[in-house]
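A short write-up of the structure that comes next.
Chain identifiers are assigned alphabetically (A, B, ...) following the order of the sequence lines, protein sequences preceding nucleic acid strands; residue numbering begins at 1 within each chain. Keep in mind it's a predicted model, so treat the numbers as computed, not measured.
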Amino acid sequence: MTMRLFLEGVKSKVREISADLGYPAVSFEVTETSKQDFGDASCNIGFLLSKHLKKRPSDIAQSIAERYKDDMGMMVSEVNVHPSGYLNFVANYSNLLKSIMTSSQDPNYGSFDLGKNSPTVLEHTSVNPNKALHIGHVRNIIIGDTIGRILRKANYDVRVLNYVDDSGLQVADIIVGLLYGGFAKEPPKGQKFDHYCGDMVYVSITARYEQEPQLAEKRSIVLKELEEGKSETAKFGDEITRRVLEEQLKTCWRLGATYDCLNFESQIVRSGLWKLVFERMKSMGIAYLEKEGKNAGCWVVKSDSEDEEDKILVRSNGIATYIAKDIPYACWKLGMLDDPFQYRQYYVQRDKRVLWETTLEKTGTKLDFTGDRVITVIDSRQARLQKIITKIISGFQSPGKSYVHLGYESVTLSPGTAKTLNLDTGGKSAQMSGRKGIYVNADYVLDILGVRTYEEAKKRNPELDEPALVKIAEQVAVGALRYAMIKQDLDKIIMFDMSESLSLEGDTGPYIQYAYARAVRILEKAGVMPDCDHGFEMLSTPYEKNLAKAIGKFDMQVEDSAKNLSPKIIARYCYELSVSFNSFYEHVKVLGAESEALVTARLCLVRSFRETLGKALFLLGIDAPERM
RNA sequence: GGGCCUGUAGCUCAGCAUGGAUAGAGUGCUGGACUUCUAAUCCAGUGGUCAAGGGAUCGAAGCCCUUCGGGCCCGCCA
């Protein structure tokens, strides 16, 4: 009987009593109380029935309460009617606590079978391989990685893809820079290759096009060569993008993200999938050859409203637009096409998951990375395009398939942080731009944070050796960044401020990690762990009850966040758990408790907390440090 | 012009899907708690016309409509 069972138990009993009393069936709720004073569960049935019965909500609640009191069952110790009309319940703590403590010892605690193991594709990261990841990309990676972890916990069979756009204009730019722009092919000593390509080559070459038309000419030539894929230039491009990708992935792994497969755009292009899909679109009447007007000679997808433009698929010169690359890829992800790829092992990641890459050569392994539901994490500036793709896909009418664009608002730079890039924004925040060099690199943020967390860790743990301190510093730095990127809603802009992000107090990742470390230390000092099967009725302070109830809510939070694809729910849950624990820690002695039995009961509570918070933090991809 | 998102405490945000009790956190500011299981902590105080107006409802921060402010998107670029 975790909180879910408690609330559901109360609900079914109220439903039964209501029916017994001859009341009409209404879809009432039993939820947690909004305030401690009201007890542990609230029911709104009085409000809903008052219309039908023409009685006051509190009178109706009273009638149900009286019946409920005849048989409170295992879960409830008190039923109260609030003058406002709510029906409130106080839990039978000795039973509730026992059940929470018992279930929280299950290694799979918190899992909830929402997905029935259904194959689900999740694509995120997908950064052009011509630059280092900046703080805006980090939001995408963290949202995607966290959603993946949550969906797995909710029993979806998740396949995580990272789409590598290795044949586009942005890649052409750095190739032009390296081949014709006078840039060395190796970075200065000590600089990562992705940083070199992005910070030095990309930014300056794009600034030079206007002054140097001969470079701009080279760009179109290089782009064409990349797409055709046979020339020396294409071979060089492949080398360069793979080197950049490798460096980008190091940053992703540093952040704790992992993937199942790398999908190379160049291969999608060369696989011939587009031709297949295009023919299908023609025969289904989705693609339409425009005869007149400004789009004459183009294949278009007609819009259904006059306010919206038709979308061009194939230009009048016969060359497909980028959307023509996205449509077959979307179809491929949904498993609507014969898979032209084989798969090659790219790397074994730190969580032991194998990362595969697509190959058109017949030397790989046949695998399945498709799903019935495809979730693509892309920022909401691309909402319109994603909507078009969704519409086209739904035109194929494949039952049971769904294509979801998970959008999120962008990360902007605070006026202060913009100023450090020599950008005066007049007090407004600044949109980041890779091309203009307006961004803050992810590695840089982690490094600066790492210095800060290292100092703190050393101050608090002078006896720890260097490797231990470095490890803690990195865990806390990543925790701070991941939490900051996930704690608010997807549709809120994050204004990134470097100095603010160095604050490690309050509603932050380190706060939560600290609570974990505190729990670990209590358990460490206690030595042997006692059996946890009785004596929980001794946990009688509000601090203990609150903590236990928070622990008991884990699976409800997993369900909620998985259903709504809302990672922040787990972030908020971790914070709530930690607040309950820290308050408990300050007010209740564990090792110095009055009796041996009470020490035992509290140790069990602390252990349940540690286990549950550890699992919840894992969903956020945040390491739980033993000390900090 | 059209579309999407957003507006809640000085600042950053929960709560809105599924209406219900005195609207909550963090941060800031003021004060208090370390010879104690780690003070990256805790406790107290401070701080609100839930953008504005209207509507439906017994009841609205939440639902509907209108207006205003802010952001983003609308290429034979990707």
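In terms of phosphate contacts, A:T321 brings no side-chain nitrogen or oxygen within less than 4.0 Å of OP1 or OP2 of B:G75. Distances shown here put every side-chain N or O of A:K487 at or beyond 4.0 Å from the OP1 or OP2 atom of B:G26. OP1 or OP2 of B:G15 lies within a sub-4.0 Å distance of a side-chain N or O belonging to A:K568. In terms of phosphate contacts, A:K311 brings no side-chain nitrogen or oxygen within less than 4.0 Å of OP1 or OP2 of B:C74. Dashed line: the shortest gap from a side-chain N or O of A:R435 to OP1 or OP2 of B:C77 is not under 4.0 Å. Distances shown here put a side-chain N or O of A:K492 below 4.0 Å from the OP1 or OP2 atom of B:A14. Considering only side-chain N and O atoms, A:Q170 lies nowhere under 4.0 angstrom from the phosphate OP1 or OP2 of B:A78. Taking 4.0 angstrom as the limit, A:Y511 places a side-chain polar atom (N or O) nearer than this to OP1 or OP2 of B:C42. Phosphate contact (OP1/OP2 of B:C58, side-chain N/O of A:R56, threshold under 4.0 Å): absent. Distances shorter than 4.0 Å separate none of the side-chain N or O atoms of A:R381 from OP1 or OP2 on B:G71.
Map A:Y322 and A:E32 each onto its nearest nucleotide of RNA chain B; the residue landing nearer the 5' end is A:E32. Nearest-nucleotide mapping onto RNA chain B: of A:E29 and A:Q382, the residue sitting toward the 5' end is A:E29.
Spacing of P atoms, B:G45 relative to B:G26, comes out at 12 Å, to the nearest Å. The gap from the P atom of B:A78 to that of B:C64 amounts to 38 Å, rounded to the nearest Å. Nucleotides B:C37 and B:A25 place their C1' atoms 27 Å apart, quoted to the nearest Å. Nucleotides B:C74 and B:U18, compared at atom C1', are 34 Å apart to the nearest Å. Comparing the same atom, C1', in B:U8 and in B:G15 gives a spacing of 9 Å after rounding to whole Å. For the C1' atom pair drawn from B:A14 and B:A23, the interatomic distance equals 11 Å after rounding to whole Å. Nucleotides B:G7 and B:A61, compared at atom C1', are 12 Å apart to the nearest Å. Here the separation of B:G71 from B:C65, taken at their P atoms, is 24 Å to the nearest Å.
The aromatic ring centroids of A:F38 and A:Y86 lie 6.0 Å or more from each other.
Going from atom CG of A:D489 over to atom P of B:U8 covers 15 Å, rounded to whole Å. Protein atom CZ of A:F496 is 16 Å distant from nucleotide atom P of B:U12, rounded to whole Å. Whole-Å rounding puts the A:E409 CD to B:G70 P distance at 16 Å.
Under a cut-off of 6.0 angstrom, the local environment of CD in A:E524 is crowded, with over 12 non-hydrogen atoms contributed by other residues, nucleotides or ligands. Within a 6.0 Å sphere centred on NZ of A:K391, other residues, nucleotides and ligands contribute more than 12 heavy atoms. In A:R627, the CZ atom is crowded: over 12 heavy atoms of neighbouring residues, nucleotides or ligands sit closer than 6.0 Å. Around the NZ atom of A:K302, the shell of radius 6.0 Å holds more than 12 heavy atoms that belong to other residues, nucleotides or ligands.
Of the nucleotides present, none pairs with B:G19 by Watson-Crick or G-U wobble criteria with both distances under 3.5 Å. B:G53 and B:C65 make up a base pair, with Watson-Crick or G-U wobble contacts both under 3.5 Å. Remark: B:C4 base-pairs with B:G71. Criterion, Watson-Crick or G-U wobble with two distances under 3.5 Å.
Here A:F38 lies parallel enough and close enough to stack on the base of B:A21, with planes under 30° and ring centres under 5.5 Å apart.
Both the sub-6.0 Å distance and the 45° axial angle are not jointly satisfied by A:R518 relative to the ring of A:F581.
In this structure, A:Y575 and A:Y511 have tilted ring planes: the angle between them lies in the 30° to 60° band.
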